[in-house]
Amino acid sequence: MPELPEVETVRRGLIPLLLGRTIERIVIRDSRLRYPVAKRRLQALLSGRKITAIKRRGKYLLISCGSHGILLAHLGMTGRFQFCTPRTAQASHTHAIFYLSGRKELRFVDPRRFGMLEAIHPEEVAKHSLLVDLGPEPLSPQFDGTLLSSVCHNRKRPIKNLIMDAKVVVGVGNIYASEALHWAGIHPHRAAGRLSHARIETLVDAIKNVLGRAISVGGTTLRDFSDPNEEAGYFAIELAVYDREGQPCHTCARVIKRSIQGNRSTFYCPACQR
DNA sequence: CGGGCGGCCTGGAGGC
DNA sequence: TGCCTCCAGGCCGCCC
């Protein structure tokens with residue numbers, strides 16, 4: 001489901017709902033997510049604790065209970081958080097329920113179970129195996145043309161695969177990789193090492209602009225994404241190439257093509273992207 | 001060691 | 001209506 005803009009939209013949506021609430025009780029209904037959910041550790045670190053901050057690293061959400069613990073969560077492809085009351089009918093694939101003060105509940109729903117939930121100590125964040133090798137945040141100043149140029153140097157790997165690699169830069173998934181390459185006028189199959197510095201600068205700008213724009217409109221709703229208030233995102237109507245195979249390019253009217261890269265669909269305009 | 005790709009899961013869409 | 005195949009926004013880990 002979600003790439004960085006969707007996760008950021010969820011984070012912003014959860015802040016007013018969760019900050020200041022206490023996690024009174026945690027029920028794991030099905031621990032079979034991407035990794036088995038360590039239920040007792042979750043309860044030991046988080047139950048009885050007050051939520052003080054909600055942060056994001058790449059596509060990971062970090063729901064923090066001060067010095068006591070952090071709920072590290074990943075939505076995978078189909079995960080979502082639902083904020084509701086005890087009377088709300090339970091959706092199928094509700095794997096975890098966090099009972100909150102004020103008679104509210106935070107539920108984790110994930111049909112495909114590619115998501116994850118784990119409780120960690122605050123001091124574990126820096127060296128956690130899932131976080132330690134992550135590249136820079138794409139919207140941070142650290143991610144710039146100089147950095148991406150050095151990563152691209154002499155690499156034969158297609159540029160699309162490279163920008164989707166979380167060790168290079170986090171948060172750029174299949175949709176926004178296709179979109180950013182389109183705006184930068186770069187063919188997704190082009191070897192990273194054969195791009196000029198100027199074009200890499202353009203690509204960095206495109207990534208920042210596409211992600212920033214998507215965040216500002218609440219993410220992309222393609223199939224099943226919505227924020228915790230069940231509001232849909234509106235970026236889908238702005239997609240230039242993604243899921244537009246056979247349709248005309250908005251710039252040059254040539255037909256958008258689809259290819260397979262790394263077992264994933266790639267969409268591009270064969271005329272605008274070289 | 002870089003990097004391609006299989007596999008993890010379920011459900012929806014579309015073809016017949 | 002039903003069955004079958006294909007496809008899906010992520011990411012670890014295996015293997016070349």
Side-chain angles (χ1 to χ4, degrees), chain A residues 1-10 29-37 56-61 72-81 91-95 108-118 128-135 138 150-182 188-193 207 210-211 214-215 217-227 232-246 258-267:
Chain A
M1 166 170 71
E3 299 182 31
L4 185 146
E6 290 71 41
V7 179
E8 179 61 17
T9 298
V10 170
R29 299 190 61 249
D30 188 344
S31 61
R32 297 171 304 159
L33 297 182
R34 163 171 279 281
Y35 311 105
V37 178
R56 179 188 59 72
R57 179 73 177 101
K59 297 171 190 167
Y60 291 91
L61 282 168
L72 179 65
H74 196 293
L75 303 176
M77 300 248 280
T78 55
R80 65 189 166 93
F81 278 114
S92 52
H93 309 291
T94 298
H95 304 309
F108 184 75
V109 183
D110 184 5
R112 286 175 71 182
R113 292 194 267 121
F114 285 4
M116 65 151 297
L117 295 173
E118 185 185 339
H128 193 281
S129 62
L130 295 172
L131 305 177
V132 72
D133 290 325
L134 294 180
S150 68
V151 175
C152 288
H153 187 66
N154 281 346
R155 300 282 283 273
K156 288 184 292 186
R157 196 175 189 192
I159 185 63
K160 187 199 178 219
N161 298 32
L162 187 130
I163 60 173
M164 286 179 65
D165 185 339
K167 293 189 199 61
V168 174
V169 57
V170 296
V172 182
N174 205 33
I175 295 178
Y176 298 109
S178 281
E179 292 298 305
L181 287 165
H182 177 71
H189 292 264
R190 187 168 193 90
I207 290 170
V210 165
L211 293 178
I215 290 170
V217 296
T220 298
T221 296
L222 217 45
R223 286 169 184 83
D224 48 15
F225 171 73
S226 68
D227 73 13
Y234 296 100
F235 197 73
I237 56 173
E238 297 188 22
L239 294 175
V241 287
Y242 188 82
D243 211 19
R244 293 196 65 240
E245 182 185 15
R258 181 172 86 103
S259 68
I260 302 294
Q261 266 182 296
N263 269 346
R264 316 290 296 280
S265 288
T266 294
F267 299 88

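Only this structure's heavy atoms are used, side chains among them; waters, hydrogens and symmetry mates stay out.
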Check whether any side-chain nitrogen or oxygen of A/H93 sits under 4.0 Å from OP1 or OP2 of B/dT10, and answer yes or no.
no
Distance below 4.0 Å between A/T78 side-chain N/O and C/dA8 OP1 or OP2:
no
Round to the nearest Å and state the distance from [X] atom [atom1] to [N] atom [atom2].
X	N	atom1	atom2	result
A/I175	C/dC11	CD1	P	13 Å
A/L4	C/dG10	CG	P	11 Å
A/K167	C/dG10	NZ	P	15 Å
A/D133	C/dC12	CG	P	9 Å
A/F114	C/dC7	CZ	C1'	12 Å
A/R112	B/dC9	CZ	P	11 Å
A/Y35	C/dC11	OH	C1'	7 Å
A/D243	B/dG14	CG	C1'	14 Å

Please produce a list of atom pairs where a protein N or O lies less than 3.5 Å from an N or O of nucleotides 4-7 of chain B.
from  : atom 1 : to     : atom 2 : distance (Å)
B/dG4 : OP2    : A/N161 : ND2    : 3.0
B/dG6 : OP2    : A/N263 : ND2    : 3.1

Take the angle between the ring planes of A/F108 and A/H95 and call it parallel below 30°, perpendicular above 60°, tilted in between.
tilted
Is B/dC9 paired to anything, Watson-Crick or G-U wobble with both distances less than 3.5 Å, and if yes, which nucleotide?
none
Could you state the interatomic distance from [atom1] ([X]) to [atom2] ([Y]), rounded to the nearest 0.5 Å?
X	Y	atom1	atom2	answer
A/N174	A/M164	CG	CE	4.5 Å
A/E8	A/R56	CD	CZ	4.5 Å
A/L72	A/E118	CG	CD	6.0 Å
A/F267	A/L181	CZ	CG	13.5 Å
A/E6	A/R80	CD	CZ	15.0 Å
A/R244	A/S178	CZ	OG	12.5 Å

B/dC9 base / A/R113 side chain donor-acceptor hit below 3.5 Å:
no
Less than 3.5 Å between a donor and an acceptor, one on the side chain of A/R264 and one on the base of C/dA8, is that the case here?
no
I'd like the P distance from B/dC1 over to C/dC11, given in whole Å.
24 Å
For nucleotides C/dC3 and B/dC9, find the distance between their P atoms and express it as a whole number of Å.
24 Å
Nearest-neighbour nucleotide for the A/R258 side chain, B/dG2, C/dC7, C/dC11 considered:
C/dC7
Between C/dC12, B/dG11, C/dC11, spot the one nearest the side chain of A/P111, thanks.
B/dG11
Mind checking if A/R32 touches a base, just sugar-phosphate, or nothing, with heavy atoms under 4.0 Å?
nothing
Which is it for A/V241 and A/T266 under the side chain to side chain contact (heavy atoms under 4.5 Å, CB included) test, yes or no, and what are the steps along the way?
CA-CA 9 Å; A/V241 287; A/T266 294; over 6 Å; no
